Amino acid sequence: MNAALVQFKPRKGDVDANLAAMRAVFEQLAAGEPDLIVFPEAALTGYFLEGGVYELALTAPEIARRLDAAWRAVAPDRACDVVTGFYENAAGTFHNSAIYVRCGEPGGARIVHVHRKMFLPTYGVFDEERFLTRGRRLSVFETAFGKAAILICEDAWHALMSTVAALKGARLLIVPSASPGRGLCGVDELESNTRWKAILSAAAAEHGVYVVYAGLTGFEGGKGMSGGTSAFSPRGDLLASAPPLDPCIVRLRLDPEEVDLARATIPLLGDLGAVLPDLWLDPEIPVMRRLEDNE
Amino acid sequence: MSALPVVDAPVDEPSLRINPALTASWLEAFLCDELVERRGIGRAIIGLSGGIDSALVAYLCARALGPENVYAIRLPYKSSSPSSLSDAQRIIDALGIHGETIEITDAVDGYLKHAPEADARRKGNVMARMRMLVLFDQSARRNALPVGTGNKTERLMGYFTWHADDTPPVNPIGDLFKTQVWALARYLGVPAEVVDKPPSADLEADQTDESDLGITYANADRILNLILLGYRDDAIVARGHDPDEVRLVRRRVDGTHWKRHLPTTALVSSTAINEFYLRPVDY
């Protein structure tokens with residue numbers, strides 16, 4: 001599977017302009033026959049909207065239709081999977097979502113999956129849960145590569161999320177993100193970017209999954225979205241990474257055999273599957289205690 | 001068996017060290033995005049005092065926008081130190097940016113003759129607000145955006161004139177402590193005469209920031225950093241800081257939260273601006 005990860009700099013609040021920019025990316029990539037193109041979190045609007053979410057959120061079918069039209073305009077004879085983050089209006093409930101849509105098929109856009117961000121950061125500079133409702137389910141879905149899952153930004157900071165995705169069969173983790181860069185003490189990159197790489201690499205290596213990360217870039221009211229678009233092999237190796245602030249594209253080939261080999265060499269995921277019941281059915285862990293309290 | 005070697009972890013204090021190359025490139029990108037891309041204004045105007053903060057901002061703007069797009073305005077009052085003027089000229093010459101001097105003495109004294117009892121603090125505030133007025137008018141004249149020069153230390157200590165020094169719509173160094181400003185200025189080649197002189201608001205003769213504040217910037221920055229990270233006073237003292245200095249800094253921070261906000265507005269509806277009606281600055 002040929003994947004392209006787009007480090008994208010949206011125009012704040014301008015969905016039409018951002019879709020036009022995505023179309024330009026499609027045009028640039030089409031000749032290379034991509035199978036998967038990933039845009040970051042909130043790529044259609046920019047990340048910090050506050051109450052503007054209610055003005056700019058779209059439905060998943062509408063996003064799918066418009067992405068399909070943009071792709072079809074540049075590559076009418078070839079299908080491609082596109083992932084992008086967007087603010088979703090789900091019948092008056094608003095989510096920070098990412099859509100996985102198959103574009104360019106004869107029957108029109110096909111929505112493969114919509115992931116609604118589960119961990120909505122609401123601390124410090126972040127205020128998501130003031131405006132948005134969190135998702136309630138982490139699902140995996142079938143792609144041409146195999147099973148995949150989407151984790152949006154803070155979703156990926158919780159090791160349990162990548163663990164659950166891998167246990168449910170994911171071989172590819174797609175991480176659209178919008179991360180305000182911070183920490184100027186880093187050796188050659190922001191400390192927040194270093195932290196991201198450590199998290200993504202660890203998730204990839206522990207579970208034997210590809211992890212692909214597309215980061216928003218550009219400043220939003222003084223907060224610089226730190227890009228950091230990157231890809232990690234199922235062994236946890238950094239395959240490619242983008243510079244922090246410039247829009248750009250990271251391309252790579254995802255090879256299913258790499259997942260098999262990584263898991264065969266270090267079978268941590270298999271080990272976890274064996275031990276999981278002992279861990280999970282432990283009444284001392286908080287989720288079990290809460291269930292008991294409710295009784 | 002001989003005693004095993006022991007490795008004791010030091011009492012941790014978060015570092016204020018910065019990577020100056022990384023910091024410079026980040027702040028230059030900020031200036032390009034905020035001025036050129038968001039506002040479509042490719043020119044910056046800076047009140048250049050001769051001190052390190054405005055010098056650093058001039059260097060950042062010149063790197064981000066090109067020296068031909070940076071206007072440095074010197075705004076002396078009759079009591080301003082002549083060395084401030086010459087240090088500002090040093091910056092203008094080094095960068096090749098536009099420079100102009102506009103005396104504020106007539107304007108300030110025109111008001112102060114109606115306020116003969118005004119003490120040094122009031123006079124200083126009048127001068128600071130007059131500089132703001134001139135800077136914004138010159139901004140309109142040149143279609144250049146005023147760029148702020150307040151650093152994080154003075155913002156936290158409340159060591160500035162409200163609605164004067166803090167008025168420019170963008171500020172590249174407002175999240176840098178003073179000691180970080182020094183580090184970045186040295187890296188960018190700000191002349192040693194400007195970097196190494198004692199910081200001064202230059203509102204009165206022989207005034208220095210550190211004597212006004214009652215603490216060195218080096219100590220204030222370390223204490224401020226720990227306060228911002230949530231440490232209690234006793235935990236800060238346990239890291240080797242003087243209890244009186246910790247109290248001083250805490251008092252200044254706690255007494256000036258209002259200076260870091262817009263005016264307080266009486267909320268009477270469920271559509272109050274910035275309370276219920278919430279839109280980001282770049283929306």
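Proteins get letters first, then strands, A, B, ... in listed order; numbering begins at 1 in each. Remember, predicted model here, so these are calculated numbers, not experimental data.
Heavy-atom contacts from other residues, nucleotides or ligands closer than 6.0 Å to CZ of B/R232 number 12 or fewer. More than 12 heavy atoms of other residues, nucleotides or ligands lie within 6.0 Å of CZ in B/R142, so this atom counts as buried by the packing criterion. Heavy atoms of other residues, nucleotides or ligands lying less than 6.0 angstrom from CZ of A/R251 number 12 at most. More than 12 heavy atoms of other residues, nucleotides or ligands lie within 6.0 Å of CG in B/L229, so this atom counts as buried by the packing criterion.
Here B/L22 contributes atom CG and A/L190 contributes atom CG; the two are 5.0 Å apart, rounded to the nearest 0.5 Å. The distance from the CG atom of B/L31 to the CZ atom of A/F219 is 8.5 Å, given to the nearest 0.5 Å.
For a residue to count as touching a neighbouring chain, one of its non-hydrogen atoms must lie under 4.5 Å from one of that chain's; by this rule B/L16 does not touch chain A. The contact between A/V187 and chain B is made entirely by backbone atoms, counting heavy-atom distances below 4.5 Å. When heavy atoms are compared at a cutoff of 4.5 Å, A/D14 does not approach chain B at all. B/Q180 does not touch chain A: none of its heavy atoms, backbone or side chain, sits under 4.5 Å away.
Ion pairing between A/K9 and B/E37 holds under the 4.0 Å rule for side-chain N and carboxylate O.
By number of non-hydrogen pairs under 4.5 angstrom with chain B, the leading residue of A/G52, A/G222, A/S226, A/G13 is A/G52. Note on A/E189, A/K223, A/E50, A/R11: by heavy-atom pairs under 4.5 Å with chain B, the leading option is A/E50. The residue among B/F30, B/W26, B/F276 with the most heavy atom pairs within less than 4.5 Å of chain A is B/W26.
In this structure, the side chains of B/Y283 and A/L56 come closer than 4.5 Å at one or more pairs of heavy atoms. A heavy-atom distance below 4.5 Å is found between the side chains of B/T23 and A/L184.
Side-chain N or O atoms of B/N19 include none that pairs as donor or acceptor with a backbone N or O of A/C185 at under 3.5 Å.
Contact detail for B/A29 and A/L245: the closest heavy-atom pair is CB-CD1, 3.4 Å.
A side chain to side chain contact (heavy atoms under 4.5 Å, CB included) with A/E220 is found for one member of B/V281, B/D282, B/D33 and no other, namely B/D282.
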